[in-house]
Every structure is written in C-alpha cells, then in structure tokens.
Amino acid sequence: MMISLVIFLVAALLVVMYIKFRNYVPILMYHRIADVPGDRNSLPAEKFEEQLRFLAQNGYTAITPDMLYAYYTKQEKLPRKSVLLTFDDGYHDNYTEALPLLQKYNMTAVVFPIYNWIGKKNQWENFGKQETTTMTEDELRLWLNAGMDVQVHTLNHPFLTECKDKQLKEEVAVSKRQFEQLLKRPMEYLCYPYGFFDKRVIDEVRKAGYKMAFAIFDNVPLWHINLFALPRIPVPSHQKMWEFKLKVSSIHVIFIAMRKWERDFKKLKRKIFK
Ligand SMILES: [Zn+2]
C-alpha cells in the first residue's frame with residue numbers, strides 16, 4: 001500500500017516537472033575538441049563525433065541562438081528534437097577539429113571568443129591548462145561563412161560579478177561593439193565567463209542591448225526560463241554516451257534538477273557533519 005503511494009507520488013512529481021520543463025531546449029557547452037589527458041574541458045574528437053553521429057541518426061536538429069530567441073519570445077516553432085551546441089573561448093581546435101565534423105553531420109554551432117584573446121595563446125587561463133591558441137579573425141570569418149555563429153564572451157574573460165561598474169560596462173558593452181565592427185554583423189548574445197552573473201550583471205547586459213545571455217546550469221534557477229540566465233549543460237571529456245543521451249532528451253531539465261539537488265544535498269550534509 002505504502003509502496004504504491006510512493007510510486008504514485010514520484011510519478012505525479014515527474015509528470016508535473018515534465019509539463020513545467022518541456023519548453024527547455026538542451027543547450028550543450030563545449031570548450032576544446034582535443035585529447036588532453038586530465039582536462040575535463042577537452043573532449044577528444046572521436047567522442048565529439050560519436051555524439052554528433054548520435055544526434056544525426058536520431059533526428060536531432062542543431063539550432064541557432066536566433067531560432068531559440070524566436071521560440072522563446074515569438075513562440076516560433078522549432079524542430080521537434082532541437083539542441084543548441086555552444087563552444088566557449090574560441091579555441092583553434094574548434095576550427096580544425098569541430099568544424100569539419102559539424103559540417104559532416106550537417107550541424108550548426110555557436111562559438112563565444114574572448115575579444116582581446118582572438119588569435120592568441122590561451123594565457124587568460126594560466127592555471128595549469130595545456131598551452132594552445134585561439135581562432136584568428138580570419139578563421140572566425142570562415143567559421144561564420146560555413147554556417148556557424150559567433151557571439152560575445154566579453155573582452156578579457158573576468159568574473160563579471162567581481163568587476164567594478166566601469167569595467168563591467170566595458171566588458172559587456174565595448175566587447176559587443178568591437179565584435180560588431182570586426183565581423184560586420186549585429187552581436188546579440190553574451191556568454192558569461194565561468195557562468196557567473198548576478199542581478200547587476202544582467203542589468204548591464206540588458207542595457208548594452210543583448211537579447212539573451214548564456215550561463216551554466218548550476219548557477220541558474222530552473223523554475224522559470226530567464227533569457228539572461230540560460231542554463232547550459234557541460235559535456236566533459238569523460239562523458240558516457242548514456243549520460244549524453246539524457247542530456248539532450250526532453251527530460252534533460254529533470255536530470256539537471258536532480259544533479260542540482262544532489263549537489264545542494266552534499267553541501268548541506270557537509271555543513272551538518274563537519
Ligand atoms: Zn570562457
């Protein structure tokens with residue numbers, strides 16, 4: 001008797017969550033496409049290809065940020081199985097490794113380069129990361145011409161929540177203008193460095209004229225869709241395929257919510273038993 005009640009309650013909760021969360025489109029977050037042992041942000045090309053092959057064979061469509069914006073604001077229809085692929089920081093291997101695979105599987109993706117680190121060594125992450133370079137201006141143009149998107153990841157990649165007002169304004173508004181001049185197109189979407197933002201940051205991002213901003217799932221409240229705090233799901237180097245399939249499924253937000261609760265629970269446990 002008790003067991004059937006519990007099963008019923010869990011099932012009812014899942015149904016409520018499904019109805020609540022079904023409008024979320026899975027947004028995947030990648031960094032490097034490279035084989036770098038021990039670096040969770042570097043996904044080997046073979047694994048990336050395995051994921052793209054799964055998406056292609058199972059009827060997924062990679063959409064653009066513009067399509068996502070039109071879906072959330074004008075209720076424009078999206079393909080039934082949509083996914084948005086994003087790349088942070090604009091690494092050179094996105095151009096050499098990811099682009100040919102994206103083209104092979106007829107997918108599109110958006111890259112978020114850091115304006116002052118275009119075509120340079122990755123020295124903004126001088127904390128034991130393997131040395132590499134980022135895409136050059138010309139490569140960003142070729143990336144665009146290949147049907148991919150480029151959007152903004154600030155000027156210098158700071159923690160925006162820790163910036164003084166003047167610096168925050170520059171990182172957000174000046175980077176937008178610089179990218180627009182460089183690529184001769186409007187830039188309308190921002191990606192928060194490290195996924196960090198707060199109310200002050202969002203106000204500045206809105207003021208600068210952006211239409212949406214991308215964060216990481218664990219800093220984002222999931223109950224309502226906030227266009228300036230879109231939750232993205234990291235795809236780490238050790239990603240198992242079953243987990244990847246969950247991350248792009250229609251119940252992915254339930255999966256994310258459970259991960260958040262798991263983390264909150266662990267934090268609480270540490271607090272109580274420390
Ligand atoms: Zn970044």
Side-chain angles (χ1 to χ4, degrees), residues 17-31 41 63-76 78 82-89 109-114 149-163 165 167-173 175-176 179 186-236 247-248 250-264 267:
M17 286 172 80
Y18 176 72
I19 293 169
K20 183 76 198 167
F21 292 145
R22 71 187 155 173
N23 288 334
Y24 274 101
V25 175
I27 310 173
L28 301 181
M29 177 177 81
Y30 295 95
H31 286 81
N41 282 345
I63 61 164
T64 61
D66 285 337
M67 289 167 79
L68 188 70
Y69 181 74
Y71 170 66
Y72 282 146
T73 57
K74 296 176 226 154
Q75 284 71 50
E76 272 179 31
L78 285 181
S82 291
V83 61
L84 178 54
L85 309 176
T86 71
F87 288 87
D88 284 27
D89 306 333
V110 54
V111 68
F112 298 108
I114 308 155
D149 200 354
V150 177
Q151 295 293 333
V152 183
H153 199 29
T154 71
L155 287 177
N156 299 297
H157 208 272
F159 286 95
L160 292 176
T161 45
E162 288 169 19
C163 290
D165 288 349
Q167 193 199 354
L168 172 62
K169 206 184 211 64
E170 271 176 24
E171 289 288 347
V172 168
S175 60
K176 184 176 189 295
F179 268 110
M187 306 301 283
E188 300 179 306
Y189 311 110
L190 179 84
C191 171
Y192 300 119
Y194 313 103
F196 277 42
F197 64 94
D198 55 19
K199 198 188 159 299
R200 184 180 68 114
V201 170
I202 289 184
D203 286 347
E204 209 53 60
V205 171
R206 269 183 212 276
K207 243 191 273 168
Y210 290 96
K211 295 195 216 162
M212 295 194 298
F214 294 85
I216 304 175
F217 78 89
D218 51 359
N219 299 321
V220 167
L222 293 174
W223 206 243
H224 296 288
I225 292 171
N226 179 344
L227 292 186
F228 290 89
L230 291 170
R232 293 185 302 156
I233 318 161
V235 183
K247 286 179 175 181
V248 294
S250 53
I251 58 160
H252 73 285
V253 182
I254 297 179
F255 173 74
I256 292 175
M258 282 157 73
R259 284 280 301 277
K260 273 170 75 110
W261 293 339
E262 185 199 337
R263 278 187 197 188
D264 292 347
K267 268 188 225 156

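Along the sequence shown, residues are numbered consecutively beginning with 1.
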K.L.:
Using only atom types and a distance under 3.5 Å, with no angle test, would you say the side chain of Asn41 pairs donor to acceptor with the backbone of His31?
P.N.:
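No; judged by distance alone, with no hydrogens or angles, the pair does not exist.
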
K.L.:
Under the salt bridge (charged side-chain N to carboxylate O under 4.0 Å, His left out) criterion, do Asp264 and Lys260 qualify, and how do the steps go?
P.N.:
CA-CA 6 Å; Asp264 292 347; Lys260 273 170 75 110; over 6 Å; no

K.L.:
Taking the side chain as every heavy atom from C-beta outward, state whether Asn226 and Pro221 have any pair of such atoms under 4.5 Å apart.
P.N.:
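They are not in contact (no side-chain heavy atoms under 4.5 Å apart), so the answer is no.
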
K.L.:
Between Ala215 and Phe197, what is the shortest heavy-atom contact and its length?
P.N.:
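In terms of heavy atoms, the two residues are closest at CB-CE2, 3.6 Å.
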
K.L.:
Measure the spacing between CD1 of Ile114 and CD of Glu171 and express it to the nearest 0.5 Å.
P.N.:
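If I round to the nearest 0.5 Å, the distance is 10.0 Å.
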
K.L.:
With a distance cut-off below 6.0 Å to the six-membered ring centre and an angular limit of 45° from the axis, does Lys176 pair with Tyr210 as a cation-pi contact?
P.N.:
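Yes - Lys176 lies over the ring of Tyr210, closer than 6.0 Å to its centre and within 45° of its axis.
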
K.L.:
May I ask you to decide whether Lys169 forms a salt bridge with Asp165, counting only side-chain N to carboxylate O separations under 4.0 Å?
P.N.:
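Between Asp165 and Lys169 there is no salt bridge, as every charged N stays at least 4.0 Å from the carboxylate O atoms.
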
K.L.:
Let me see the working for Thr64 and Val110 under side chain to side chain contact (heavy atoms under 4.5 Å, CB included), right down to the final yes or no.
P.N.:
CA-CA 7 Å; Thr64 61; Val110 54; over 6 Å; no

K.L.:
Where the side chain of Tyr24 meets the backbone of Leu222, is there a donor-acceptor pair that is under 3.5 Å apart?
P.N.:
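Yes; at least one donor-acceptor contact below 3.5 Å.
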
K.L.:
Decide yes or no on side chain to side chain contact (heavy atoms under 4.5 Å, CB included) for Arg206 and Ile202, but give the supporting numbers first.
P.N.:
CA-CA 6 Å; Arg206 269 183 212 276; Ile202 289 184; 4.0 Å; yes

K.L.:
Hey, can you tell me if His153 and Phe112 have their rings parallel, tilted or perpendicular (30° and 60° cut-offs)?
P.N.:
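Geometry flag for Phe112 against His153: tilted rings.
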
K.L.:
Which of parallel (below 30°), tilted (30 to 60°) and perpendicular (above 60°) describes Tyr30 and Phe87?
P.N.:
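Ring orientation, 0 to 90° scale: parallel.
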
K.L.:
Compare every heavy atom of Val152 with every heavy atom of Ser175, then report the nearest pair and how far apart it is.
P.N.:
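Where Ser175 meets Val152 most closely, the heavy atoms are OG-CG1, 3.3 Å.
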
K.L.:
Find the distance between CE (Met29) and NZ (Lys247) and round it off to the nearest 0.5 Å.
P.N.:
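Met29 atom CE to Lys247 atom NZ measures 9.0 Å (nearest 0.5 Å).
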
K.L.:
Quick check for you: to the nearest 0.5 Å, what is the distance between Tyr71 atom OH and Ile63 atom CD1?
P.N.:
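Going from the OH atom of Tyr71 to the CD1 atom of Ile63 covers 9.0 Å.
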
K.L.:
So how far is it from Cys191 SG to His157 NE2, rounded to the nearest 0.5 Å?
P.N.:
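One finds 7.0 Å between SG of Cys191 and NE2 of His157.
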
K.L.:
Of all the heavy-atom pairs spanning Leu160 and Pro193, show the shortest one and how long it is.
P.N.:
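Reported closest heavy-atom pair: CD1-CD, 3.9 Å.
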
K.L.:
Checking Tyr192 side chain against Phe228 main chain: does a donor-acceptor pair fall under 3.5 Å?
P.N.:
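Side chain of Tyr192 to backbone of Phe228: a pair is present.
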
K.L.:
Counting N and O atoms only, with roles assigned by atom type, does the side chain of Asp198 sit under 3.5 Å from a partner on the main chain of Arg200, one being a donor and the other an acceptor?
P.N.:
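At least one qualifying donor-acceptor pair exists.
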
K.L.:
How long is the gap from OG1 on Thr86 to CG on Leu230, to the nearest 0.5 Å?
P.N.:
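Rounded to the nearest 0.5 Å, the OG1-CG separation comes to 10.5 Å.
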
K.L.:
Run the side chain to side chain contact (heavy atoms under 4.5 Å, CB included) check on Val25 and Met67 step by step: do they pass?
P.N.:
CA-CA 11 Å; Val25 175; Met67 289 167 79; over 6 Å; no

K.L.:
Please report the shortest heavy-atom distance between Pro158 and Thr154, naming the atom on each side.
P.N.:
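Looking at all heavy atoms of both residues, the closest pair is CD-OG1, 3.7 Å.
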
K.L.:
Between Val220 and Arg232, is there a side-chain heavy-atom distance shorter than 4.5 Å?
P.N.:
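Result no, sub-4.5 Å side-chain heavy-atom pair not found.
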
K.L.:
Ignoring hydrogens and geometry, is there a side-chain-to-backbone donor-acceptor pair from Tyr72 to Asn23 under 3.5 Å?
P.N.:
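At least one qualifying donor-acceptor pair exists.
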
K.L.:
Applying side chain to side chain contact (heavy atoms under 4.5 Å, CB included) between Ile27 and each of Leu85, Leu68, Ile233, report the one that passes.
P.N.:
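The passing option is Leu68.
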
K.L.:
Rounded to the nearest 0.5 Å, how far does OG1 of Thr73 lie from CG of Leu227?
P.N.:
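Spacing of CG (Leu227) from OG1 (Thr73) equals 7.0 Å.
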
K.L.:
Do side-chain atoms of Gln151 reach the backbone of Glu188 as a donor and acceptor pair under 3.5 angstrom?
P.N.:
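Flag set: sc Gln151 to bb Glu188 pair under 3.5 Å.
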
K.L.:
Please find the pair of heavy atoms, one from Ala213 and one from Val205, that lie closest to each other, and give the distance.
P.N.:
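Closest approach of Ala213 to Val205, heavy atoms only: CB-CG1, 4.3 Å.
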
K.L.:
Is it the case that the side chains of Asp66 and Tyr189 hold a donor-acceptor pair, with the cut-off being a distance below 3.5 Å and no angle test?
P.N.:
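Side chains of Tyr189 and Asp66: pair found under 3.5 Å.
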
